[in-house]
Amino acid sequence: MKMYTSNPFTETHPKPLNRSVSIIGVGCTPFRETIEDPELAGVTEGELYGYAALKAMEDAGVSPKDVQFYFHGQASPLNGSNYLTPNMQVAEWFGMRGKASLHHSEACCTGYMAIDIAAQAIASGKYDIVLTGCVEFGDGVAIQGKPSCIRRKFSFEDFNRSLDWLYNNEYTRYLYGDVIQDASAVWYQNKVGMTDDQIDKALCKLAIDARHNSHNNPLAIDRVLYEDLAKEAGYDDVMEYMQSNRNPKTGGIQRVSGLEHKCDGAAAAILCATDLVEKYTNKKPIRILGVGNSTFEASNPFYEVNATIEATRQVYEQTGLSGKDIDLLYANDFIITSQLVAADISGYIPENEAWKYVLDGRTTFDGDKPINPNGGRTAFGHAHAASGLADFYDAVKQIRGEAGDHQVKKEVKKVFLRGYGGAQNICNVIIGVDD
């Protein structure tokens with residue numbers, strides 16, 4: 001398999017962690033539009049974060065007094081919560097009064113960086129066990145002067161305003177539509193040599209498969225199959241429905257079905273020094289095997305592609321692994337093309353073949369090369385910062401064989417998680433159990 005290389009000016013060579021670190025507990029809320037959910041209307045980020053944090057502690061077999069430090073991730077706390085110091089506002093909800101904490105924000109890559117920085121805190125020797133969690137109201141906006149439990153819907157105008165916080169437009173044209181929505185699809189299409197119809201069908205099939213994966217996942221926000229939606233609309237062929245004006249294009253290539261479903265949610269994990277795992281749990285430790293990072297500001301052409309190449313090189317260099325060693329792939333796919341990009345660059349699927357695997361049905365949770373068995377951003381939902389940690393939640397459940405009706409049909413020992421945040425970060429993490 002061809003191994004991608006980076007430009008020398010972007011290369012770094014991070015070393016493996018000095019101390020082995022493992023995930024011993026995970027927790028996740030359902031991902032929902034809480035404003036419109038009668039059971040969740042009025043919920044605060046403290047309640048969401050606290051629910052995920054307590055579930056992670058319960059899963060790990062620890063109590064709040066065992067946790068020495070906690071990390072708090074939120075992509076847009078001022079917009080979503082009216083807080084400049086959101087980590088301090090949630091501590092009472094899960095027994096952390098007086099515990100030290102840190103807030104961080106890396107756009108949609110926040111949940112992946114949450115694992116990275118927590119692992120570093122333990123590997124440094126300063127702490128033995130920490131909590132890392134993320135929360136986001138991706139569907140609601142805080143109202144100035146009102147308690148955070150009173151929100152309004154996140155409008156398209158709000159969304160456009162938030163883009164100005166992500167992209168530097170001082171000296172470049174406004175690039176959102178080109179760079180985010182279609183650029184990676186154009187890169188992949190041209191690299192592989194696909195026709196317009198082939199790339200369209202591949203992306204539509206990815207969206208169909210995302211619902212197939214989320215259909216039996218109780219935490220997912222979208223669980224209705226596209227086959228059923230097609231029948232309701234009078235279509236016998238689901239692909240005909242997906243390529244119709246019922247699923248319009250938002251740019252030159254992408255369709256509505258391939259875009260994130262913004263929602264609210266939280267997820268958390270307990271990390272511990274591997275040599276201390278038996279003190280807290282009898283479950284097999286799931287180790288952080290390696291982390292690769294890269295950042296490109298959005299004026300760089302194909303920045304998702306180039307950053308993924310660099311971060312992938314780093315994580316494989318650290319671990320000595322390659323794509324053939326990976327049993328399961330997660331890709332932050334708020335634009336669904338990211339699944340093809342991540343599968344191709346990571347070597348999880350042979351170069352230029354990922355789109356064929358998709359059309360053949362091989363990348364669903366019950367296929368031989370599963371990707372995003374939880375449903376990904378288009379079906380599980382996208383609660384910005386929380387989404388990455390929700391992937392880790394699902395990955396841990398898959399390794400343990402605890403994923404229920406969307407459990408993959410193969411033994412999972414090593415998982416590659418490709419994190420991606422708008423105009424900011426790529427964070428690639430490999431977790432796993434020993435052979």
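Heavy atoms only: backbone and side chains are in, while hydrogens, waters and symmetry mates are out. Residues take their numbers from the sequence shown, with the count starting at 1. Note that this is a predicted model, so its numbers are computed, not measured.
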With side-chain hydrogen bond (donor to acceptor under 3.5 Å, both in side chains) as the criterion, how do Gln120 and Asp116 come out once you've worked through the C-alpha distance, each side chain's angles and the decisive distance to 0.1 Å?
CA-CA 6 Å; Gln120 291 182 51; Asp116 185 11; 2.9 Å; yes
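- Taking OH from Tyr127 and OH from Tyr70, the interatomic distance works out to 12.0 Å, rounded to the nearest 0.5 Å.
- Proximity of a side-chain donor or acceptor of Tyr348 to a complementary backbone N or O of Pro370 within less than 3.5 Å is detected.
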Worked verdict on Thr295 versus Ile426 for side-chain contact (heavy atoms from CB on, under 4.5 Å):
CA-CA 6 Å; Thr295 62; Ile426 293 286; over 6 Å; no
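- Here the straight-line distance linking atom CG of Asn213 with atom CD1 of Ile208 works out to 12.0 Å at 0.5 Å rounding.
- Residues Thr337 and Gln254 bring a donor and an acceptor atom of their side chains to less than 3.5 Å of each other.
- In this structure, a donor-acceptor pair under 3.5 Å is absent between the side chains of Ser338 and Asp333.
- For Glu402, the CD atom is densely surrounded, since the number of other residues' heavy atoms within 6.0 Å is greater than 12.
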Between Arg418 and Ser346, does a side-chain contact (heavy atoms from CB on, under 4.5 Å) hold up when you go through it step by step?
CA-CA 9 Å; Arg418 197 297 301 261; Ser346 68; over 6 Å; no
What's the verdict on salt bridge (charged side-chain N to carboxylate O under 4.0 Å, His left out) for Asp368 and Arg362, showing C-alpha distance, side-chain angles and the deciding distance?
CA-CA 6 Å; Asp368 65 314; Arg362 298 177 64 180; 2.7 Å; yes
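- Side-chain contact of Gln318 with Gln314: a donor-acceptor pair under 3.5 Å is absent, judged by distance alone.
- A side-chain donor-acceptor contact under 3.5 Å links Gln407 to the backbone of Ala403.
- In terms of heavy atoms, Gly46 sits closest to Val90 at CA-CG1, 3.8 Å.
- When side chains are defined from C-beta on, Ser184 counts as touching Val305, because their heavy atoms get closer than 4.5 Å.
- In this structure, the side chain of Ser244 engages the main chain of Arg246 through a donor-acceptor pair within 3.5 Å.
- Looking at Asn18, its side chain never comes within 3.5 Å of a backbone N or O of Ala123 through a donor-acceptor pair.
- Formation of a donor-acceptor pair under 3.5 Å by the Gln398 side chain with backbone atoms of His406 is found in this model.
- Look at Asp209 and Lys205 and you find a salt bridge, because one of the NZ, NE, NH1 or NH2 atoms lies within 4.0 Å of a carboxylate O, short of that distance.
- Checked by atom type, the side-chain pair Gln89/Thr85 shows a donor-acceptor distance below 3.5 Å.
- The OG1 atom of Thr29 sits 8.5 Å away from atom CG of Asp264, with the distance rounded to the nearest 0.5 Å.
- If you check the side chains of His104 and Asn87, you find no donor sitting under 3.5 Å from an acceptor.
- Between the side chain of Arg32 and the main chain of Cys263, no donor-acceptor pair closer than 3.5 Å is present.
- The side-chain tip of Arg211 points at the ring of Tyr226 from less than 6.0 angstrom away and within 45° of straight on.
- Each of Cys109, Cys108, Ser294 was compared with Asn425 under the side chain to side chain contact (heavy atoms under 4.5 Å, CB included) criterion, and only Cys109 meets it.
- In plain terms, the two heavy atoms of Ala383 and Gly265 that are nearest each other are CB-N, 3.5 Å.
- Side-chain N/O atoms of Asp222 and His261 include a donor and acceptor closer than 3.5 Å.
- Interatomic distance, Ile345 CD1 to Tyr188 OH, rounded to the nearest 0.5 Å: 10.5 Å.
- In this structure, CD1 on Ile23 lies 4.5 Å from CD1 on Ile115, to the nearest 0.5 angstrom.
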Go through Asp344 and Trp187 one step at a time and tell me if the side-chain contact (heavy atoms from CB on, under 4.5 Å) criterion holds.
CA-CA 12 Å; Asp344 191 85; Trp187 173 84; 4.1 Å; yes
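- Checked by atom type and distance alone, the side chain of Asp59 pairs as donor or acceptor with a backbone atom of Val26 at under 3.5 Å.
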Test Lys279 against Asp66 for salt bridge (charged side-chain N to carboxylate O under 4.0 Å, His left out), laying out the working first.
CA-CA 11 Å; Lys279 177 180 177 181; Asp66 297 312; over 6 Å; no
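- Going from atom CG of Leu206 over to atom CG of Leu340 covers 5.0 Å, rounded to the nearest 0.5 Å.
- In this structure the side chain of Arg255 never reaches within 4.5 angstrom of the side chain of Thr250, judged on heavy atoms.
- Residues Phe334 and Leu259 have side chains not in contact (no heavy-atom distance under 4.5 Å, counting atoms from C-beta outward).
- When the ring-ring contact (aromatic ring centres under 6.0 Å, His included) test is applied to Tyr241, the partners found at least two apart in sequence or on another chain are Tyr235.
- Judged purely by atom type and a 3.5 angstrom limit, Thr319 uses its side chain to pair as donor or acceptor with the backbone of Leu321.
- Under 3.5 Å, the side chains of Thr110 and Gln74 contain no donor-acceptor pair of N or O atoms.
- Counting only distance, with no hydrogens or angles, the side chain of Asn374 and the backbone of Asp394 share no donor-acceptor pair below 3.5 Å.
- With Phe137 as the aromatic partner, Arg151 meets the cation-pi criteria of under 6.0 angstrom to the ring centre and within 45 degrees of the ring axis.
- More than 12 non-hydrogen atoms from other residues, nucleotides or ligands lie less than 6.0 angstrom from NZ of Lys409.
- Between the side chains of His13 and Glu317, at least one donor N or O lies within less than 3.5 Å of an accepting N or O.
- Panel note: side chain Gln68, backbone Asp128; a donor-acceptor pair is recorded below 3.5 Å.
- The number of heavy atoms from other shown groups lying within 6.0 Å of CG (Asp275) is above 12.
- One finds a salt bridge joining Asp391 and Arg377 here, because a Lys/Arg side-chain nitrogen approaches an Asp/Glu carboxylate oxygen to under 4.0 Å.
- Between Lys283 and Val277, the shortest heavy-atom distance links the atoms O-CG1, 4.1 Å.
- Legend: residues meeting ring-ring contact (aromatic ring centres under 6.0 Å, His included) with His72, ordered by chain and number and at least two apart, are Tyr49, His103.
- For an aromatic pair to be called close, the ring centres must be under 6.0 Å apart, and Phe31 with Phe380 satisfies this.
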Could you please spell out the steps behind the side-chain contact (heavy atoms from CB on, under 4.5 Å) verdict for Asp434 and Arg287?
CA-CA 8 Å; Asp434 295 329; Arg287 295 196 299 120; 3.0 Å; yes
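- Residue Lys369 places its NZ atom among more than 12 non-hydrogen atoms of other residues, nucleotides or ligands, all under 6.0 Å distant.
- Tested against Tyr316 for a side chain to side chain contact (heavy atoms under 4.5 Å, CB included), the candidates Asp325, Ile326, Asn428 yield a single pass: Ile326.
- Residues Ile336 and Glu260 are not in side-chain contact: their nearest non-hydrogen atoms beyond the backbone lie 4.5 Å or more apart.
- Residue pairs satisfying the side-chain hydrogen bond (donor to acceptor under 3.5 Å, both in side chains) criterion with at least one member in residues 131-141, sequence neighbours excluded, are listed as follows: Asp139-Lys153.
- The local environment of NZ in Lys410 is crowded, with over 12 non-hydrogen atoms from other residues, nucleotides or ligands closer than 6.0 Å.
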